Amino acid sequence: MGRTPNASKQTHAVLREMLRTPQEWRHGYGLSQDTELKSGTLYPLLIRLKEQGFLEARWEEAERAGTPPRHVYRLTPSGIAFARSLEPQDIKRKLRPKLSGSFS
Amino acid sequence: MLRRMALILGGHARWVLWKRNAFWAEGIEQEIHHIRDDRAALSWAAGCVFASYREALRSHLVNGILPRAFLAALIFYLAGQNVVGPAQALGCYVHLSASALDVLALFPDDRIICVYWPSVPLAVQAASLLAGGLFALSAIALIGKKVAALRWFALAFLPATVTFALEQVLPALRFYSPSVLFGPLLTHVLIGRAVIPLLIAMALYLVAGTKTSLDLSRIEEKRR
């Protein structure tokens, strides 16, 4: 069984932020500044969202000379659909934990 | 200096995560080079170290049989700790021999049983047994990679903690003996029944704590 989405407040913040400009590739640091999440929280979320197929990531050449390429991220179509489905009135219900199934 | 420290931390985060997930290991490290403010880079890098350890540990526990078996063994140990006291008390009630009671003792200083355990109320002993059973269920679920491991563990945690406190306090009050209270609290009992459960709870949360009831098919259906 695949992993089901994490619906923490932090995940919602990331999804909402990325949904503002769904076609745009975003940097991790920029996302962190916009969502006010620290890297220790942000990266596990991004990793999980990518595993779940809600996020795509690729390398982007650096704009400044002498700096290495960096990761950029954006929502996949299913990620966009999922983020859009998270209406504020639904969040509480969807956040209710269901501790069943298997982890992988 | 701050920049240098940030790069060292970033390199460490990369090293921790590299074997498990090279794509993210490299991405996490390289992002630091793009942060112009040195202090912000250092803070970012420190978070990256935390994230890399967290992901490496989660990956170990989810994918590795041995780490999961070790965690399950620790939970079984907790189950044993909660079951052994009531079992010894039962042994006292039915007048088991001292040597038979010793078999039930996990540690040498548990062998004071027939004075100590009968002074613990039956309800407390029943709660302890319940906690032991729930811990055992949690361990079995963990071996089967079931997310319910976390639920059973959380359910066991409360009765285990309450009975732990009562098992220590009630006999101490009865015998007016602070040593009965503080002796075990300062020895293996505290580690075994307070520190280890907390560590296990954190590890279980990493493995199974991110599950929710988000049912994608229902969401899709609703959207249509």
Side-chain angles (χ1 to χ4, degrees), chain A residues 1-8 11 27-33 37-48 50-54 57-60 62-64 66-73 78 81-87 90-91 93-104, chain B residues 10 13 17 20-21 23-24 26-36 40-41 43-55 58-59 61-63 68 141-142 144-155 204 206-216 218-220 222-223:
Chain A
M1 184 180 166
R3 302 189 70 189
T4 49
N6 183 336
S8 64
T11 310
H27 301 121
Y29 186 59
L31 267 176
S32 159
Q33 287 183 313
L37 295 176
K38 307 275 186 207
S39 55
T41 306
L42 180 69
Y43 274 119
L45 291 183
L46 294 177
I47 293 171
R48 199 169 305 125
K50 186 169 181 291
E51 282 177 4
Q52 290 158 352
F54 292 131
R58 67 172 173 84
W59 288 104
E60 184 185 74
E63 292 163 1
R64 277 191 299 157
T67 49
R70 70 196 296 195
H71 271 189
V72 284
Y73 317 98
S78 63
F82 174 60
R84 282 189 179 141
S85 74
L86 296 173
E87 302 292 336
D90 290 344
I91 289 176
R93 178 176 57 82
K94 287 169 186 168
L95 275 172
R96 196 174 302 134
K98 180 188 173 190
L99 294 175
S100 59
S102 307
F103 46 83
S104 56
Chain B
L17 202 52
R20 299 274 155 192
N21 201 331
F23 177 79
W24 284 100
E26 209 153 345
I28 283 175
E29 190 209 9
Q30 307 218 147
E31 189 68 17
I32 297 165
H33 294 272
H34 297 271
I35 303 172
R36 297 188 185 190
S43 163
W44 180 263
C48 290
V49 171
F50 174 78
S52 63
Y53 271 101
R54 180 177 166 173
E55 281 308 302
R58 184 180 69 82
S59 175
L61 289 172
V62 171
N63 303 317
R68 218 167 51 251
L142 181 66
K145 290 182 92 171
K146 299 291 180 198
V147 177
L150 183 61
R151 178 178 55 198
W152 295 126
F153 193 87
L155 283 174
L204 272 181
L206 272 183
V207 177
T210 56
K211 296 291 174 182
T212 72
S213 64
L214 287 170
D215 183 337
L216 283 182
R218 269 175 46 204
I219 292 169
E220 287 294 315
K222 192 180 164 192
R223 283 182 65 243

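So you know, we letter chains A, B, ... as the sequences are listed, proteins then strands, and number each from 1. No experiment lies behind these values; they were computed from the predicted model shown.
- In plain terms, the two heavy atoms of B/H33 and A/T67 that are nearest each other are O-CG2, 3.9 Å.
- What you find for A/G28 and B/E31 is that their closest heavy atoms are N-OE2, 3.7 Å.
- Ring geometry for B/F23 against A/W59 counts as perpendicular: the plane angle is over 60°, on a 0 to 90° scale with 30° as the lower cut.
- In this structure, the separation between CD1 on A/I47 and CD1 on B/I28 is 5.0 Å, given to the nearest 0.5 Å.
- Heavy-atom minimum distance, A/P44 versus B/E55: CB-OE2, 3.5 Å.
- Side-chain atoms of B/Q30 come within 3.5 Å of backbone atoms of A/P69 as a donor-acceptor pair (strictly under, hydrogens ignored).
- With rounding to the nearest 0.5 angstrom, the CZ atom of A/R70 is 8.0 Å from the CD1 atom of B/I35.
- Side-chain atoms of B/H34 come within 3.5 Å of backbone atoms of A/P68 as a donor-acceptor pair (strictly under, hydrogens ignored).
- Comparing B/A51, B/A40, B/A13 by heavy-atom pairs within less than 4.5 Å of chain A, the highest count is held by B/A51.
- Rounded to the nearest 0.5 Å, atoms CG (B/L17) and OH (A/Y43) are 11.0 Å apart.
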Side chains of residues 43-50 of chain B: which donor-acceptor pairs under 3.5 Å do they make with residues two or more places apart or in other chains?
none

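- Remark: A/K38 pairs with no residue by the side-chain contact (heavy atoms from CB on, under 4.5 Å) rule, at least two apart or across chains.
- Heavy atoms of B/E26 lying under 4.5 Å from chain A belong to its backbone as well as its side chain.
- Proximity to chain B (any heavy atom under 4.5 Å) is restricted, for A/L42, to the side chain, taken from C-beta onward.
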